K.L.:
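Here you go, one structure.
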Number of protein chains: 2
Amino acid sequence: MTDDVRPTRPPTAQEFVLAQLRQAIVSGGLRPGEQIRQDALAERFGTSRVPLREALKILEGEGQVSYQPHRGYFVAELSSDDLVEVYRIRRLLEDEAVAAAMPHIDDVAITEMEASLVAMDAASTLGDITALTAANRAFHFALFERSGMPRLARLIRQLWDATDAYRAVYFVEADNRERVATEHRTILGAIRERDVPRTIAALHAHRDHAVHRVRTILDS
Amino acid sequence: MTDDVRPTRPPTAQEFVLAQLRQAIVSGGLRPGEQIRQDALAERFGTSRVPLREALKILEGEGQVSYQPHRGYFVAELSSDDLVEVYRIRRLLEDEAVAAAMPHIDDVAITEMEASLVAMDAASTLGDITALTAANRAFHFALFERSGMPRLARLIRQLWDATDAYRAVYFVEADNRERVATEHRTILGAIRERDVPRTIAALHAHRDHAVHRVRTILDS
DNA sequence: CCGGAGCAGATTGGATACAATATCCGAGCG
DNA sequence: CGCTCGGATATTGTATCCAATCTGCTCCGG
């Protein structure tokens, strides 16, 4: 939100393709376990296979797709156990990030988070899952990014990415959307008072519910 | 060490190039901050630029190289602060991994670690930094890999990768090599007794010394 | 003497064409 | 009847060529 005056360079085809792929994964256009056909996707995006492949390599490095030489790329699939592991690691990292970030929370940060809440409500009523997940991220990372630990924030982002394909599933249900809205307000309340233990506790409850819900979906 | 009977497939050019690049970074052949000339490297590896670029994309995703469109790739450079951050995150993740792994430690694991120690001593006297760092990794990851949390092990590996370029610098000094040998034996002793707190404490001391030494080098 | 416009040269980004490999399916054999 | 071996087809992997972009230098004007 701050660096909007950088010298605007037209995005390379590869950057474009990468963004499209991420979006396709988040929105459910590419489903977990699905094989990625390079020809078909390249044509759909209007480029050749080269930039597509390079974008896929990045996603491979991030763990969003798996790859077997001469077999192709597959959208990464999470087992119920994987999901639990991701959330266990997230707890470790996010707790640390919250504790580190709290001293740096100012009015700007609070305002940012409030704006994200409003954006989530709007997207929720419209049923715009893509906008919803984007606002959700903005809310949480407004905090994490202020930890003064950019690498930590990056690792957390990676873990979020890994479950992107499943976040959409969670947000499809209106009940979950409402619950998240409530929980976010609880979290923000604790942050307003710079109460680290309460913030962390609220985040734990927040994550526990999500992982529990998605798990029941996965196991069914 | 266990899955050596997989259907051996000749490595693709890209896999080969990726391995070479990693090696070049670990061994110091490519120095932090250095720009990567695609033409020159492709010729050196005997392939065209395409597989090289895809390998670089993977390293980009892992954060080992940085990338600016139309400008090129650069070997990632770590500031002293970055180093401290990496080790702080490592402590978080590795402590968890150790605690999770300890119940799964069996004789095979112990034997593996002992073998790594021997391999390190041999590489140390030969001055073979590449073999040394490989054996060092084998020692530590024999533990981490048994955590039952593959994603956690993967994240830890990523953090190790990020400092690969500086590990070589550390191991160049014979004093450091000797000290590491001693510390490893302390760590292994604690593991033999399945003593989690003592293992974690020994690892803390181990890491603290390394980060301190590298920091003094970086700041000079 | 200093600073900016503009032209080379170098370097990266992308498209196309071709080679290598895996998968699928049916024929032949035990 | 099942198994193995081959070949056809589809898909991925790589090389080469051309286009787009950046960098550094020169030249001109102030």
Side-chain angles (χ1 to χ4, degrees), chain A residues 3 5-22 24-25 29-77, chain B residues 3 5-22 24-25 29-77:
Chain A
D3 49 349
V5 258
R6 94 198 68 146
T8 51
R9 187 183 38 69
T12 62
Q14 179 194 119
E15 291 171 321
F16 172 74
V17 169
L18 182 59
Q20 291 283 318
L21 277 173
R22 286 192 201 281
I25 291 174
L30 288 172
R31 298 223 223 124
E34 187 175 345
Q35 177 162 17
I36 293 173
R37 282 282 148 63
Q38 298 180 3
D39 264 329
L41 273 188
E43 188 181 10
R44 179 170 141 198
F45 294 151
T47 73
S48 85
R49 275 169 45 215
V50 175
L52 173 67
R53 287 167 56 91
E54 301 194 343
L56 284 170
K57 284 283 175 241
I58 293 181
L59 294 176
E60 182 193 350
E62 293 175 357
Q64 297 231 65
V65 302
S66 69
Y67 165 68
Q68 292 175 276
H70 298 293
R71 300 261 334 268
Y73 294 89
F74 300 82
V75 180
E77 210 164 1
Chain B
D3 49 352
V5 257
R6 91 196 72 143
T8 50
R9 190 182 36 70
T12 62
Q14 178 195 121
E15 290 172 323
F16 171 76
V17 168
L18 181 58
Q20 292 283 318
L21 278 174
R22 287 192 200 281
I25 291 175
L30 287 173
R31 298 226 223 123
E34 185 175 346
Q35 177 162 14
I36 293 172
R37 282 283 149 64
Q38 298 181 3
D39 265 329
L41 274 187
E43 189 181 8
R44 180 171 139 198
F45 295 150
T47 72
S48 84
R49 276 170 46 217
V50 176
L52 174 68
R53 274 166 51 186
E54 300 195 344
L56 284 170
K57 281 285 174 241
I58 293 180
L59 294 176
E60 180 194 352
E62 293 175 358
Q64 297 229 62
V65 302
S66 69
Y67 166 68
Q68 294 176 274
H70 300 292
R71 299 261 331 268
Y73 294 87
F74 301 82
V75 181
E77 212 164 359

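Computed from a predicted model, the values in this text were never measured in an experiment. Every heavy atom of this structure was used, including side-chain atoms; hydrogens, water molecules and symmetry mates were not. Letters A, B, ... mirror the listed sequences (proteins, then strands); counts begin at 1.
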K.L.:
Do A:Gln35 side-chain atoms and A:Arg71 backbone N/O form a donor-acceptor pair below 3.5 Å?
P.N.:
yes

K.L.:
Can you find a side chain N or O atom of A:Gln14 that sits less than 4.0 Å from OP1 or OP2 on C:dG14?
P.N.:
yes

K.L.:
Just how far, in rounded Å, is C1' of D:dT23 from CD of B:Gln68?
P.N.:
13 Å

K.L.:
Just how far is it from atom CG of A:Leu59 to atom OH of A:Tyr67, taken to the nearest 0.5 Å?
P.N.:
14.0 Å

K.L.:
Can you tell me how far CG of A:Leu56 sits from CZ of A:Arg49, rounded to the nearest 0.5 angstrom?
P.N.:
11.0 Å

K.L.:
Starting from P on D:dT12, measure out to CD on B:Glu15 and report it in whole angstrom.
P.N.:
16 Å

K.L.:
Quick one: B:His70 NE2 to D:dC22 P, roughly how many Å, whole number?
P.N.:
6 Å

K.L.:
Starting at the 5' end of DNA chain D and moving along, which residue's nearest nucleotide shows up first, A:Asp39 or B:Thr47?
P.N.:
A:Asp39

K.L.:
Between atom NZ in B:Lys57 and atom C1' in C:dT12, what is the gap in whole Å?
P.N.:
10 Å

K.L.:
For the CZ atom of B:Arg22 and the CD atom of B:Glu62, what is their distance to the nearest 0.5 Å?
P.N.:
4.5 Å

K.L.:
With heavy atoms under 4.0 Å as the rule, sort A:Leu56 into base, sugar-phosphate or nothing.
P.N.:
nothing

K.L.:
Please determine, for the side chain of B:Tyr73, which listed nucleotide (C:dG14, D:dT11, C:dG13) has the closest atom?
P.N.:
C:dG13

K.L.:
Can you check the A:Leu18 CG to C:dG14 C1' distance for me, whole Å?
P.N.:
16 Å

K.L.:
Given D:dT21, C:dA15, C:dT21, identify the nucleotide with an atom nearest to the side chain of A:Pro51.
P.N.:
C:dA15

K.L.:
Mind checking B:Tyr67 for me? I need base, sugar-phosphate or nothing, with any heavy atom below 4.0 Å counting as a touch.
P.N.:
sugar-phosphate

K.L.:
To the nearest 0.5 Å, what is the distance between CD1 (B:Ile36) and CG (B:Leu21)?
P.N.:
6.5 Å

K.L.:
Whole angstroms only, please: what is the CZ-C1' distance between B:Phe74 and D:dC22?
P.N.:
11 Å

K.L.:
Are OP1 or OP2 of C:dT21 and a side-chain N or O of A:Arg71 less than 4.0 angstrom apart?
P.N.:
no

K.L.:
Test the A:Lys57-A:Tyr73 pair against the cation-pi criterion, namely NZ or CZ under 6.0 angstrom from the six-membered ring centroid and within 45° of the ring axis.
P.N.:
no

K.L.:
What integer distance in Å separates B:Ile58:CD1 from D:dG13:C1'?
P.N.:
13 Å

K.L.:
Confirm from the modelled atom types if A:Arg49 and D:dG13 form a donor-acceptor pair under 3.5 Å, side chain to base only.
P.N.:
yes

K.L.:
With a non-hydrogen cut-off below 4.0 angstrom, is A:Leu52 in contact with a base, only sugar-phosphate, or nothing?
P.N.:
nothing

K.L.:
Which nucleotide, C:dG13, D:dA15, C:dT21, lies nearest any side-chain atom of B:Val50?
P.N.:
D:dA15

K.L.:
Looking at the side chain of A:Gln38, which of D:dG13, C:dA22, D:dA15 is the nearest nucleotide?
P.N.:
D:dG13

K.L.:
Write down the distance between CD (B:Glu60) and C1' (C:dT12), rounded to a whole number of angstrom.
P.N.:
14 Å

K.L.:
With a non-hydrogen cut-off below 4.0 angstrom, is A:Arg53 in contact with a base, only sugar-phosphate, or nothing?
P.N.:
base

K.L.:
Just compare C:dT23, C:dA15, C:dT12 and give me whichever is closest to any side-chain atom of B:Gln35.
P.N.:
C:dT12

